[in-house]
Engineer: 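I have a structure here, written as structure tokens, and I will follow up with some questions on it.
Computed from a predicted structure; not experimentally measured. Counting starts at 1 for both ligands and their atoms, following the listed order. All heavy atoms count here, side chains included; hydrogens, waters and symmetry mates do not.
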Amino acid sequence: MRRLVAQWRSEGLTVGLVPTMGGLHLGHKSLVKFASNKCDRVIVSIFINPTQFTEEEDFEIYPQTQDADCVLIKEAGGNAVFIPDISEMYPKGFSTKVSVSGLTNIMCGASRPGHFDGVTQVVTKLLNQASANNVYFGEKDWQQLAIIKRLVSDLDIPTNIVSVPTVRDEFGLALSSRNSYLNSSQLQTAQNLSSVLQKAAYNIAAGGCSSVECDLASKILLNSGIDKIDYIECRNSHSLKLIERTNEDECRIFAAVYIDNVRLIDNHIVV
Ligand code: AMP
């Protein structure tokens, strides 16, 4: 990949990277399209990174659909696919950790200890390996995006981080590789999540108290068949600090919920 990118860059071409774990869907496709509209060449990486899964999570069964993924990447305008294996990424003796403090111990970081350290470790490697001009991440994983922006700024990594809006189904459900774990009635339940969050965001924007609106949203979701709420919180979009009432700063409502043992996340801007 280094040789290929060096060749492209020596020809004066701009290079975009889209990191993924595979199981690609239309959300990923939009990232690749977005990248190929802005860059001359686009690489998509597919790597199910073991270091970002906690012990009880779905690493062993994470969807693997490489042939279909390659078709989707080509259709979306991708030029190359990078599929390293685990021993290539973490050879014997590998001992370096990459950790961003502050932003990582709240929301998903609180309930998935070590998850974001795994993310920053693998993203640092991918950014160094690809030396792309731009790297594309989805807004669905907003906390991840905020952490990666911090990482790249703190470590002077010469790559632009570009965010891409969340792609949703007709009911507003954010597309996710993990949606494939849901049966049809669970899918219907999941499809309530976005509209309930949007309603809460609307009420907060209209002057409502965010903790009251978040509690109400939790109750509605639990009544609609969601099995467990991990968190529903209103936070500043950039610092990720908790917000009680809207002020001039941009804020968002963030949620992680469970249907059975499938964890779904989403976020909406409060405007
Ligand atoms: P993943 O394969 O889940 O690690 O996701 C790879 C990239 O795709 C991440 O930057 C995600 O934020 C992004 N992504 C996942 N789902 C969506 C979606 N529904 N809309 C936009 N981007 C997404």
Engineer: Which residue holds the protein heavy atom closest to atom 7 (C) of ligand 1, what is that atom called, and what is the gap in Å?
Structural biologist: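 Going atom by atom, the protein heavy atom closest to atom 7 (C) of ligand 1 ends up being P19 O, 3.7 Å.
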Engineer: Looking only at non-hydrogen atoms, which of Y62, F34, Y136, F47 approaches atom 3 (O) of ligand 1 most closely?
Structural biologist: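 Minimum heavy-atom distance to atom 3 (O) of ligand 1 goes to Y62.
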Engineer: Salt bridge check: are R263 and E57 linked by an N-O gap of less than 4.0 Å?
Structural biologist: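 Between E57 and R263 there is no salt bridge, as every charged N stays at least 4.0 Å from the carboxylate O atoms.
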Engineer: Ignoring hydrogens, just give me the one of S30, S163, P165 whose non-hydrogen atom is nearest atom 21 (C) of ligand 1.
Structural biologist: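 Answer by nearest heavy atom: P165.
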Engineer: Using a 3.5 Å cut-off on N or O atoms only, is V164 in polar contact with ligand 1?
Structural biologist: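 Such a contact does not occur with ligand 1.
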Engineer: If only side-chain N and O atoms count, and only distance matters, is there a donor-acceptor pair under 3.5 Å linking S163 with E139?
Structural biologist: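 Yes, side-chain donor-acceptor contact under 3.5 Å.
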Engineer: What are the atoms of ligand 1, with element, lying closer than 4.0 Å to any heavy atom of F137?
Structural biologist: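 Ligand 1 atoms under the 4.0 Å threshold to F137: 10 (O).
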Engineer: Using a 4.0 Å heavy-atom threshold (strictly under), name the region of M21 that reaches ligand 1: side chain, backbone, both or neither.
Structural biologist: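 The answer is both.
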Engineer: Pick one of side chain, backbone, both or neither for how L31 approaches ligand 1, counting any non-hydrogen atom pair under 4.0 Å.
Structural biologist: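 The answer is the side chain of L31.
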Engineer: Heavy-atom distances under 4.0 Å are what count here, so tell me which part of H25 touches ligand 1: side chain, backbone, both or neither.
Structural biologist: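 The side chain, only.
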Engineer: Where does the angle between the aromatic ring planes of Y90 and F47 fall among parallel (under 30°), tilted (30 to 60°) and perpendicular (over 60°)?
Structural biologist: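 If you compare the ring of Y90 with that of F47, the planes turn out tilted.
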Engineer: Given S45, G138, G23, G22, which one has a non-hydrogen atom that is nearest to atom 13 (C) of ligand 1?
Structural biologist: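 The residue whose heavy atom sits nearest atom 13 (C) of ligand 1 is G138.
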Engineer: Taking both backbone and side-chain atoms of K140, is any N or O found less than 3.5 Å from an N or O belonging to ligand 1?
Structural biologist: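 No; the residue has no nitrogen or oxygen that sits under 3.5 Å from a nitrogen or oxygen of the ligand.
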Engineer: Should D141 be counted as touching ligand 1, given the test is an N or O pair under 3.5 Å?
Structural biologist: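 There is such a contact, yes.
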Engineer: Using the six-membered ring of F94, assess whether NZ or CZ of K92 lies under 6.0 Å from its centre and within 45 degrees of the ring axis.
Structural biologist: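 No; the conditions do not both hold, so K92 does not lie above the ring face of F94.
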Engineer: Can you tell me which residue and heavy atom of the protein come closest to atom 8 (O) of ligand 1, and the distance to 0.1 Å?
Structural biologist: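 For atom 8 (O) of ligand 1, the nearest protein heavy atom is H28 CD2, 3.4 Å.
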Engineer: Heavy-atom count check: over 12 atoms from other residues, nucleotides or ligands less than 6.0 Å from E55 CD?
Structural biologist: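 Open.
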Engineer: Tell me the contacting part of R168 for ligand 1: side chain, backbone, both, or neither, using a 4.0 Å heavy-atom threshold, strictly below.
Structural biologist: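 Under 4.0 Å from ligand 1, R168 contributes no heavy atoms.
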Engineer: Any atoms of ligand 1 less than 4.0 Å from a non-hydrogen atom of T20? List them with their elements.
Structural biologist: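 What qualifies from ligand 1 is 2 (O), 6 (C).
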Engineer: Before you tell me yes or no, could you show the steps for R252 and C234 under side chain to side chain contact (heavy atoms under 4.5 Å, CB included), namely the whole-Å CA-CA distance, both residues' side-chain angles and the distance that decides it to 0.1 Å?
Structural biologist: CA-CA 6 Å; R252 307 184 79 87; C234 182; over 6 Å; no
Engineer: Taking all heavy atoms of V100 and all of D117, pick out the closest pair and write down the distance.
Structural biologist: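 Looking at all heavy atoms of both residues, the shortest contact is N-OD1, 4.5 Å.
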Engineer: Do NZ/NE/NH1/NH2 and the carboxylate oxygens of R168 and D266 come within less than 4.0 Å?
Structural biologist: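 Between D266 and R168 there is a salt bridge, with a charged N closer than 4.0 Å to a carboxylate O.
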Engineer: Is it the case that more than 12 heavy atoms not belonging to K125 sit under 6.0 Å from its NZ atom?
Structural biologist: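 Count over threshold, so yes.
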Engineer: Which atoms from ligand 1 have a heavy atom of L175 less than 4.0 Å away?
Structural biologist: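 Near L175, the atoms of ligand 1 are 16 (N), 17 (C), 18 (C), 19 (N).
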Engineer: Go through the steps for Y202 and E213 under the test side chain to side chain contact (heavy atoms under 4.5 Å, CB included), then give the verdict.
Structural biologist: CA-CA 10 Å; Y202 177 83; E213 293 301 332; over 6 Å; no
Engineer: Side chain, backbone, both or neither: which part of S176 has a heavy atom under 4.0 Å from ligand 1?
Structural biologist: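 Near ligand 1, S176 shows nothing, with every heavy atom at 4.0 Å or more.
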Engineer: Under 4.0 Å between a side-chain nitrogen and a carboxylate oxygen: does that hold for R178 and D58?
Structural biologist: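 Salt bridge flag = yes for D58 with R178.
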Engineer: Nearest non-hydrogen atom to atom 20 (N) of ligand 1 belongs to which of I148, V167, D169, I48?
Structural biologist: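 Looking at heavy atoms only, V167 sits closest to atom 20 (N) of ligand 1.
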